[in-house]
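Read through the structure below, which is laid out as structure tokens, and then see the notes.
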Amino acid sequence: MRFSNLLLPVLGLPLISAKTLGARNDTESLQDLNEEAMNALQAQLDNSTSEKRAASTCNLFNAKVRRDWKTLSSAQKKEYIAAVKCLQKKPSIADPTFAPGSRSRYDDFVAVHINQTLSIHGTGNFLTWHRYFVHAYETALRNECGYTGYQPYWNWLDNTADPSKSPVFDGSATSFSGDGSFVAHNGSVNGNGNVFIPSGKGGGCVTSGPFVDYVINLGPVFPIQDGMAPSPSTLGFNPHCLSRDLSAFTATNWLTLANVLNVTVGAASRSVLLFQNELQGRFTDGFLGLHTAGHGVMGGVGGDLFASPVDPVFFLHHGMVDRIYWIWQALHLAQAQTLAGTLTLFNNPPSRDTSVNDIIDLGVNAPSQKIGDVLNTLGGSPLCYIYV
Ligand SMILES: *[C@@H]1O[C@H](CO)[C@@H](O)[C@H](O)[C@H]1NC(C)=O
Ligand SMILES: *[C@@H]1O[C@H](CO)[C@@H](O)[C@H](O)[C@H]1NC(C)=O
Ligand SMILES: *[C@@H]1O[C@H](CO)[C@@H](O)[C@H](O)[C@H]1NC(C)=O
Ligand SMILES: *[C@@H]1O[C@H](CO)[C@@H](O)[C@H](O)[C@H]1NC(C)=O
Ligand SMILES: *[C@@H]1O[C@H](CO)[C@@H](O)[C@H](O)[C@H]1NC(C)=O
Ligand SMILES: [Cu+2]
């Protein structure tokens, strides 16, 4: 049974696949891949026993739907942005001895990411930790700030030639503010010190849109933009603005359909190890990878591996990372529950392999979960969502 015939009308999508209508551009090819993932999940559901189906609380029909930011209505975009600003105003509930600089519920998320940076990147929990982190943030927006939608994602393949034209970064009232003001600097050094990113047209504070007055309380911890100074204290109070240096160079070089295809259906899709390494980057040969490149496109404070969640686009970017992981899992069902990698960044210092029984601890932001419980976005508890 084709998923498209069955479910697309339910999701409000056209019944006839546009695939039949001729050549596909990059965005549409990625959309086709998303549809293939849905078909694979539908086939798995068709194949399961009726007992299994009756026992599961979550299925393709009641799953929450995460969407591309550009497809949300203006009202939906404004509702999401208002909820983010609400989280940035709500007082922190973190222990001040843990994160003295954390002043808001939004900061509580940033603080946990800063604190755990060296054990959640280049590790076996990278994909699942960030998946659960985004879920916890989505839950906070809904439960603490009245948001009624689900986590949107930033579609990397759109507007790569000029990210300032993207509905995510265009500086309008329905964006996350735009480029920073121009500050002369000598670019950024990304990819663990291996990849030089020339400066763009920004570098300073954003000049328009919803986050123009946003005061960031934490970081930078490990700034990569020339001239940007780190905070005197890793989790201390260090008020500063949201800076950006939108990088078309980074977007056109690495946010490509070829790289998406490599990790989802190509050579880098053959194991979870290859998948996660290629997604994060082969830094020593100058290749940033989709995940690192997405952070690099934002530039400014968002380029800092530790404090990157200070830029609210972090959560749309990691929505997209998780969408690519979800597609890979659906297209590799036999390997979808597997893990590879250790507990430490690039296994330095050396550590044991990550296990499905390891705990994801997000501090005050969410109940702790076993990695094994967030491998499946249709697992039911805590996750029940799909991407379109
Ligand atoms: C791809 O094609 C769609 C129409 O099907 C269009 O809306 C979109 O702008 C195109 N994207 C690019 C990157 O050209
Ligand atoms: C359907 O079930 C059969 C038998 O258990 C199995 O070999 C096959 O891989 C399954 N297909 C899918 C798509 O899950
Ligand atoms: C950039 O680097 C060049 C050469 O090292 C130097 O002359 C120039 O002053 C630098 N510019 C800034 C803004 O730091
Ligand atoms: C695809 O990924 C593999 C495995 O990481 C890598 O060796 C290869 O160079 C990649 N292909 C392209 C075209 O980037
Ligand atoms: C902070 O990091 C330390 C050391 O890795 C860890 O023991 C602690 O649980 C972390 N706390 C939070 C809230 O992330
Ligand atoms: Cu991260």
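Ligands are counted one by one from 1 in listed order, and the atoms in each one are counted from 1 as well.
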Practice task
Would you verify that at least one protein heavy atom lies under 4.0 Å from atom 7 (O) of ligand 5, or report that none does?
Solution key: no
Problem - Exercise: do Asp108 and Ser102 side chains pair donor with acceptor under 3.5 Å - result: yes
Exercise for the section: Before accepting this row, confirm whether a basic side-chain N of the pair Asp358/Arg352 lies closer than 4.0 Å to the acidic partner's carboxylate O. Expected result: yes
Completion exercise
protein heavy-atom neighbour closest to atom 5 (O) of ligand 1 works out as Glu28 OE2, 2.4 Å
Practice task
State whether Lys64 and Glu138 are salt-bridged, where the test is any N-O pair (Lys NZ or Arg NE/NH1/NH2 against Asp/Glu carboxylate O) under 4.0 Å.
Solution key: no
Fill in the blank from the handout: Within 4.0 Å of some non-hydrogen atom of Asn115, the atoms of ligand 5 are 1 (C), 2 (O), 3 (C), 8 (C), 10 (C), 11 (N), 12 (C), 14 (O)
Exercise for the section: Could you tell me whether Lys90 and Glu144 have a side-chain N and a carboxylate O separated by less than 4.0 Å? Expected result: no
Exercise for the section: Could you verify whether a donor N or O on one side chain and an acceptor N or O on the other, from Asn125 and Thr123, lie under 3.5 Å apart? Expected result: yes
Fill in the blank from the handout: The closest protein heavy-atom partner of atom 9 (O) of ligand 5 is Asp361 OD2, 4.1 Å
Problem - Protein contact for atom 14 (O) of ligand 5 (heavy atom, distance under 4.0 Å) - result: yes
Fill in the blank from the handout: Any protein N, O or S atom under 2.8 Å from the Cu ion (ligand 6)? Found His113 NE2, His121 NE2, His130 NE2
Handout entry: Any donor-acceptor N or O pair under 3.5 Å, side chains Thr27, Asp158
Key = yes
Completion exercise
For Trp328 and Ser269, the nearest pair of non-hydrogen atoms, with its separation, is NE1-O, 2.9 Å
Handout entry: Row check, Phe237 ring normal vs Arg103 NZ/CZ: under 6.0 Å, within 45°
Key = yes
Exercise for the section: Please state whether Asp26 comes within less than 4.0 angstrom of ligand 1, counting heavy atoms only. Expected result: no
Exercise for the section: Fit a plane to each ring of His317 and Trp156, take the angle between them on a 0 to 90° scale, and name the class: parallel (under 30°), tilted (30 to 60°) or perpendicular (over 60°). Expected result: tilted
Problem - Asn25-ligand 1 polar pair, N/O distance under 3.5 Å - result: yes
